[in-house]
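Here is the naming used below: chain letters follow the sequence lines, and residue numbers restart at 1 for every chain. Note that these values count all heavy atoms, side chains included, but never hydrogens, waters or copies made by symmetry.
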Amino acid sequence: MDYRTIEEKENGILLKGVKNFHPKHIFECGQCFRWNRIDKEDEERFQGVVHGKVLRAAINDQEVFLENVTREEFEDFFKEYFDLNRDYDKIKRVLRKDPLLKEAVAFGYGIRVLNQEPFETLISFILSSNNLIPKIKEGIRKISVNYGREINYDGETHYAFPTPLELSRATIEELRALGVGYRAKYIYETVQTIRRAELLKESEEVRELTDEEKLFLEDDLLSIAALPHDLCHKALQRYTGVGAKVADCVMLFSMKKKEAFPVDVWVKKAMVHFYGAEGNNLSKIRSFGQMQFGELSGIAQQYLFYHARENKIRIE
DNA sequence: ATCCAGGTCCCAG
DNA sequence: CTGGGACATGGA
């Protein structure tokens with residue numbers, strides 16, 4: 001376990017004896033888009049919207065304070081969200097045997113790979129394609145403001161990421177007006193596909209489905225999450241706007257499939273730079289990474305990505 | 001102004 | 001199946 005004790009306070013919980021947990025690393029390593037830095041009197045603090053709640057997180061020495069979380073909510077949901085059931089010392093010991101990953105782990109020592117919600121993660125990473133992180137965050141924020149449920153906290157209004165039903169009310173034109181560019185169509189089609197599967201799942205209980213309808217059931221995210229790695233990777237790519245990279249991100253960040261190895265421009269640079277992997281061919285770099293890191297591929301990838309991007313690693 | 005960003009789609013060979 | 005160009009958008 002990466003924390004020793006938990007204490008319930010009036011407005012949150014205090015985790016003591018915490019290891020391998022640094023908010024800055026966790027929230028700025030590119031895996032999530034709804035956490036922002038809101039420092040208070042030069043104390044490093046982050047605020048995020050997760051699971052229909054506004055949370056704040058701060059670290060002081062080895063104590064992590066999570067504001068607006070009860071002990072019960074922590075045990076039921078946020079413990080798993082923060083991946084606190086995983087032993088990162090053990091993972092890092094293995095990864096550090098690789099001399100080049102040793103540097104990346106030393107740099108992002110407080111990274112934990114969050115277990116996020118599949119629908120939000122899917123839409124977020126569809127939005128991420130050929131895009132910049134600040135713009136991805138802005139697009140997700142606007143989608144939430146326009147279609148998500150209102151959350152009032154500490155005198156401010158925030159918005160949860162919409163459910164498939166809520167987002168299914170958006171038209172392509174409306175989405176495009178939020179500044180997401182050509183990805184509006186991808187988001188629209190993916191949401192409609194998911195809604196169709198959800199609706200059929202409900203009607204399945206009252207009537208017999210046709211063969212065609214049964215096929216559409218396979219577009220349900222819960223069913224896809226239950227598939228083994230390769231089938232899951234392929235199934236996700238049936239959604240419009242989802243290729244190998246986005247599918248890997250969804251698997252890694254929301255379906256607990258840590259053997260996924262998303263290859264973006266930065267990981268590609270890191271792999272070419274560190275391992276002399278042959279450039280250009282993304283799918284070769286992907287299998288090269290999985291060969292190298294096995295079931296820890298996704299976590300290794302996250303240390304590499306954070307290190308490469310923060311240090312703006314260049315090749316040639 | 002041109003280039004680029006946590007890529008994917010679509011088409012030709 | 002594989003390789004190349006188009007694609008919205010806005011900041012550097």
Side-chain N or O of A:Asn281 closer than 4.0 Å to phosphate OP1/OP2 of C:dG3: yes
Separation of B:dT8 P from A:Asp248 CG (nearest whole Å): 9 Å
Sugar-phosphate, base or nothing in reach of A:Val180, heavy atoms under 4.0 Å: nothing
Touch class at under 4.0 angstrom, heavy-atom based, for A:Ala244 against every strand present: sugar-phosphate
Sugar-phosphate only, base, or nothing, as touched by A:Cys32 at under 4.0 Å among non-hydrogen atoms: nothing
Length of the line joining A:Lys269:NZ and B:dA5:P, which is rounded to integer Å: 5 Å
Residue pair A:Thr193 / A:Arg238, side-chain donor-acceptor N/O under 3.5 Å: no
Distance in angstrom units between A:Glu173 CD and C:dA8 P, rounded: 13 Å
Ring geometry between A:Phe21 and A:Phe82 (parallel below 30°, tilted from 30 to 60°, perpendicular above 60°): tilted
Rounded distance in Å - CD (A:Gln116) to C1' (B:dG6): 13 Å
Residue whose nearest DNA chain B nucleotide is more 5′ - A:Gln302 or A:Tyr186: A:Gln302
C:dG5 to B:dG6 separation - P atoms, rounded to the nearest Å: 22 Å
Gap between atoms CD1 and C1', on A:Ile187 and C:dA8 respectively (whole Å): 12 Å
Interatomic distance where CD1 belongs to A:Ile111 and P belongs to B:dG6 [whole Å]: 15 Å
Flag side-chain contact, heavy atom, 4.5 Å: A:Val64 against A:Tyr3: no
Base of B:dG6 and ring of A:Phe125 stacked, centres under 5.5 Å, planes under 30°: no
Sugar-phosphate, base or nothing in reach of A:Gln237, heavy atoms under 4.0 Å: nothing
Sugar-phosphate, base or nothing in reach of A:Tyr306, heavy atoms under 4.0 Å: nothing
Aromatic ring pairing A:His25/A:Phe107, orientation class (parallel under 30°, perpendicular over 60°, tilted between): parallel
N/O (side chain, A:Lys312) to phosphate O (OP1/OP2, B:dC4) under 4.0 Å: no
Residue mapping more 5' on DNA chain B - nearest nucleotide basis, A:Gly241 or A:Gln301: A:Gln301
Distance, P atom - from C:dG10 to B:dT8, rounded to whole angstrom: 22 Å
Residue matched to B:dG6 through Watson-Crick or wobble contacts both under 3.5 angstrom: none
Sugar-phosphate, base or nothing in reach of A:Arg183, heavy atoms under 4.0 Å: base
Sugar-phosphate, base or nothing in reach of A:Val242, heavy atoms under 4.0 Å: sugar-phosphate
Rounded distance in Å - OH (A:Tyr182) to C1' (C:dG5): 13 Å
Members sharing A:Tyr159's hydrophobic cluster (side chains within less than 4.5 Å): A:Val145
Option among A:Arg112, A:Lys16, A:Lys79 that satisfies the salt bridge (charged side-chain N to carboxylate O under 4.0 Å, His left out) test with A:Asp2: A:Arg112
Nucleotide C:dG10, atom C1' - distance to NZ of A:Lys135 in whole Å: 5 Å
